[in-house]
Amino acid sequence: MPDQHTVLFVCLGNICRSPLAHGIFQHLVDHSNLADKFHIDSCGTGDWHVGNPPDPRSIQTASIYGIDITHQRARQFNPTTDIECFTYIIPMDASNKKNLIKLGVPEPKLTLMRAYDPTLKTPQDVPDPYYGGDDGFDKVYQMLTRACQGLLDYIDHETHAQRT
């Protein structure tokens, strides 16, 4: 069993969905007093926004729910280090999953974000809110919150199963 669970959230540019997922998951982990058990990060498959903070609408949406993501900076997925470093590589949609496979990530290491949403029978994409209205960010936040809680529950269950 690992000393730390390593989780990487991945979207296209790392300014909307993945930083929100990162912030939400970190918030859940912190409130469960598990911060020392996790290393959490996010990235994009593209390089357009490297070094930039999250989209202001992501920052605002997170802030409404008491989550600060202003410290995050976009980075691009690095196959040389990220494949080895992260146990859970979580793409936001099927397109990014395909991009990650092309970059050499073994398919069994990838699980779509909404596969952890207990309200869904089959995984669906987290839609990119970038070109939509502000309400799209809140809808994505709600999707991500359900899926992040499901992911934390899944990891907790797997950890307990390994101990027995």
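Just so you know, these numbers come straight off a predicted model, no measurement behind them.
- Judged by distance alone, with hydrogens and angles left aside, the side-chain atoms of Thr6 form a donor-acceptor pair with the main-chain N or O of Thr87 at under 3.5 Å.
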Tell me, with the steps shown, if Leu8 and Phe77 meet side-chain contact (heavy atoms from CB on, under 4.5 Å). CA-CA 9 Å; Leu8 181 64; Phe77 181 80; 3.9 Å; yes
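- Not a single donor-acceptor pair under 3.5 Å links the side chain of Ser63 to the backbone N or O of Ile59.
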Decide side-chain contact (heavy atoms from CB on, under 4.5 Å) for Leu151 and His5; before the verdict, give the C-alpha distance in whole Å, the side-chain angles of both, and the deciding distance to 0.1 Å. CA-CA 12 Å; Leu151 173 59; His5 302 286; over 6 Å; no
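- Under a 3.5 Å cut-off, the side chain of Gln76 and the backbone N or O of Thr45 do form a donor-acceptor pair.
- Rounding to the nearest 0.5 Å gives a distance of 4.5 Å between CZ of Arg114 and CD of Gln124.
- Taken from NZ in Lys102 to NZ in Lys97, the straight-line distance is 14.0 Å, to the nearest 0.5 Å.
- Taking CG of Asn96 as the start and CG of Asp125 as the end, the distance is 9.0 Å to the nearest 0.5 Å.
- The structure places NE2 of His27 at 11.5 Å from CG of Asp68, a figure rounded to the nearest 0.5 Å.
- Nearest heavy atom pair, residue Leu144 against residue Arg17, reads CD1-O, 3.6 Å.
- In the displayed structure, Gln142 atom CD is contacted under 6.0 Å by more than 12 heavy atoms of other residues, nucleotides or ligands.
- Put simply, CD on Gln149 and OG on Ser32 are 6.5 Å apart, with the number rounded to the nearest 0.5 Å.
- Side-chain atoms of Asp138 and Tyr65, non-hydrogen and from C-beta on, do get closer than 4.5 Å to each other.
- At distances below 3.5 Å, not a single donor-acceptor pair connects side-chain atoms of Lys139 with backbone N or O atoms of Pro129.
- Counting non-hydrogen atoms of other residues, nucleotides and ligands closer than 6.0 Å to NE2 of His71 gives a total above 12.
- In this structure, Arg57 is positioned above the aromatic face of Tyr130, its NZ or CZ under 6.0 Å from the six-membered ring centre and within 45° of the axis.
- Between Trp48 and Gly13, the closest heavy-atom pair is CE3-CA, 4.3 Å.
- Ile67 is connected to Phe38 through a chain of hydrophobic side-chain contacts under 4.5 Å among Ile, Leu, Val, Met, Phe, Trp and Tyr, so both are in one cluster.
- Although no hydrogens or angles enter the test, the distance criterion places no donor-acceptor pair under 3.5 Å between the side chain of Lys109 and the main chain of Ile89.
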Please report the C-alpha distance between Val10 and Cys43 in whole Å, then the side-chain angles of each, then the deciding distance to 0.1 Å, and finally whether the side-chain contact (heavy atoms from CB on, under 4.5 Å) criterion is met. CA-CA 5 Å; Val10 185; Cys43 67; 3.8 Å; yes
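- Ile69 and Leu152 fall within the same hydrophobic cluster, where Ile, Leu, Val, Met, Phe, Trp and Tyr residues are linked whenever their side-chain heavy atoms come under 4.5 Å apart, directly or through other members.
- Linking Ile, Leu, Val, Met, Phe, Trp and Tyr residues whenever their side-chain heavy atoms come within less than 4.5 Å places Tyr154 and Ile24 in a single cluster.
- Side-chain atoms of Ser95 and Asp93 include no donor-acceptor pair closer than 3.5 Å.
- Placement of Met113 and Ile155 within a single hydrophobic cluster is found when ILVMFWY residues are connected by side-chain heavy-atom separations under 4.5 Å, directly or transitively.
- The heavy-atom pair separating Gln72 from Pro54 by the smallest distance is O-CD, 3.4 Å.
- In this structure, the side chains of Pro91 and Leu112 come closer than 4.5 Å at one or more pairs of heavy atoms.
- For the 3.5 Å distance criterion, the side chains of Asn14 and Ser42 qualify, holding a donor opposite an acceptor.
- If you chain together hydrophobic residues whose side chains sit under 4.5 Å apart, Met143 and Phe25 never meet in one group.
- Rounding to the nearest 0.5 Å gives a distance of 11.0 Å between CG of Leu20 and CD1 of Ile15.
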Please lay out, stage by stage, how Asp153 and Tyr116 fare under the test side-chain contact (heavy atoms from CB on, under 4.5 Å). CA-CA 9 Å; Asp153 293 345; Tyr116 297 106; over 6 Å; no
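- Considering only heavy atoms from C-beta on, Asp41 comes within 4.5 Å of His22 through its side chain.
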